[in-house]
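Values below: every heavy atom of this structure, side chains too, minus hydrogens, waters and symmetry copies. All of these numbers come straight from a predicted model, not from anything done at the bench.
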Amino acid sequence: MSTTEFRPDPQAYLRAHSWMAAFGMGAAMLLLWVMGNPHIWTGAIGGLAAVAVRGLYMRSEEMAVVWTLTDTHLTGPAERNIALDDIGKVNRMGTYVQVITKTGDKHLIKYQADPKAVAAAIGRAAA
């Protein structure tokens, strides 16, 4: 029985949070501008701080998540166990791979260095 593990990549984690910070900073500044606040630059600081705190707080938990692909199942955190013949679709979303079952359940394999390869491996196994 062959197994493949999908572990989160620290660089992908940092890249994803960098994009979230950029979006959060812009959104906070826009909100302050719309509200008429003359100090819109504080939105950039707030957006950056929020994403940085979240990233630091969640890093150890997110880096510990491992998904395992076997000949028959895809298993993940919180006792997720997906039979390969139950996989309906596999999507890529940035550094994430989304697995959708035939019943509509959705699962995210987050922060992958090569999400295209992960999606392809799962797709081949499920075919």
Side-chain angles (χ1 to χ4, degrees):
M1 176 158 87
S2 68
T3 62
T4 304
E5 288 187 342
F6 305 117
R7 296 180 176 275
D9 177 63
Q11 292 301 320
Y13 185 79
L14 182 60
R15 193 169 46 253
H17 278 76
S18 296
W19 279 107
M20 281 191 279
F23 177 77
M25 292 166 72
M29 290 174 67
L30 179 63
L31 180 63
L32 290 174
W33 178 71
V34 168
M35 292 172 43
N37 188 316
H39 306 289
I40 63 170
W41 61 271
T42 59
I45 295 170
L48 178 61
V51 174
V53 168
R54 184 228 183 256
L56 291 171
Y57 181 75
M58 296 296 295
R59 189 178 196 295
S60 62
E61 184 177 325
E62 293 289 356
M63 291 294 112
V65 174
V66 178
W67 285 82
T68 306
L69 178 64
T70 67
D71 296 332
T72 59
H73 287 83
L74 177 64
T75 58
E79 300 180 17
R80 290 184 180 105
N81 192 10
I82 308 163
L84 294 181
D85 59 359
D86 190 32
I87 294 175
K89 192 171 185 180
V90 180
N91 300 318
R92 288 182 296 128
M93 303 179 324
T95 61
Y96 297 178
V97 174
Q98 181 186 48
V99 177
I100 304 173
T101 65
K102 292 177 181 172
T103 58
D105 295 328
K106 296 176 182 172
H107 307 274
L108 283 180
I109 302 173
K110 299 180 188 177
Y111 310 116
Q112 297 300 297
D114 189 356
K116 185 176 180 180
V118 172
I122 295 169
R124 280 191 307 274

Subject >> Distance-minimising heavy-atom pair for A12 and T95 >> reply: CB-CG2, 3.9 Å
Original post:
Given side chains that start at C-beta, do those of M25 and V51 come closer than 4.5 Å, heavy atoms only?
Top reply: no
**OP:** Taking the side chain as every heavy atom from C-beta outward, state whether P8 and K110 have any atom pair closer than 4.5 Å.
**Re:** no
Subject >> pair R59-P10: side-chain heavy atoms closer than 4.5 Å >> reply: yes
Original post:
With a 4.5 Å heavy-atom cut-off, do L69 and L84 have their side chains touching?
Top reply: yes
**OP:** Indicate the atoms forming the closest heavy-atom contact of D71 with S2, along with that distance.
**Re:** OD1-OG, 2.9 Å
Original post:
So, for P115 and G94, which heavy atoms are closest and what is the spacing to 0.1 Å?
Top reply: CG-O, 3.2 Å
**OP:** Check whether more than 12 heavy atoms from other residues, nucleotides or ligands sit under 6.0 Å from atom CD of E5, and answer yes or no.
**Re:** yes
Original post:
Hey, any chance I40 and L30 share a hydrophobic cluster, counting ILVMFWY side chains that come within less than 4.5 Å of each other, even indirectly?
Top reply: yes
Original post:
Are V34 and L32 connected in a single hydrophobic cluster, I mean Ile/Leu/Val/Met/Phe/Trp/Tyr linked by side-chain heavy atoms less than 4.5 Å apart?
Top reply: yes
Subject >> Point-to-point distance, once rounded to the nearest 0.5 Å, from CG of L48 to CE of M20 >> reply: 12.0 Å
Subject >> I100-L74 co-clustered via ILVMFWY side chain contacts under 4.5 Å >> reply: no
Original post:
Are I87 and I82 side-chain neighbours, meaning at least one heavy-atom pair lies under 4.5 Å?
Top reply: yes
Original post:
Can you tell me how far CZ of R54 sits from CG of L56, rounded to the nearest 0.5 angstrom?
Top reply: 11.0 Å
Subject >> Pairs satisfying ring pair (Phe, Tyr, Trp, His ring centres under 6.0 Å), at least one member in residues 47-98, at least two apart >> reply: Y96-Y111
Subject >> 4.5 Å side-chain heavy-atom contact, I122 and I109 >> reply: yes
Subject >> Gap separating the NZ atom of K89 from the OG1 atom of T101, nearest 0.5 angstrom >> reply: 13.0 Å
Subject >> Check: V118 and R92 side chains under 4.5 Å, non-hydrogen atoms >> reply: no
**OP:** Please work out whether the ring planes of H17 and Y13 are parallel, tilted or perpendicular, with thresholds of 30° and 60°.
**Re:** tilted
Original post:
Closest approach of R7 and Q112, non-hydrogen atoms and distance?
Top reply: O-NE2, 3.4 Å
**OP:** Indicate, with yes or no, if V66 and M58 share a hydrophobic cluster defined by side-chain heavy-atom contacts under 4.5 Å among Ile, Leu, Val, Met, Phe, Trp and Tyr.
**Re:** no
Subject >> L108 side chain near Q98 side chain, heavy-atom distance below 4.5 Å >> reply: yes
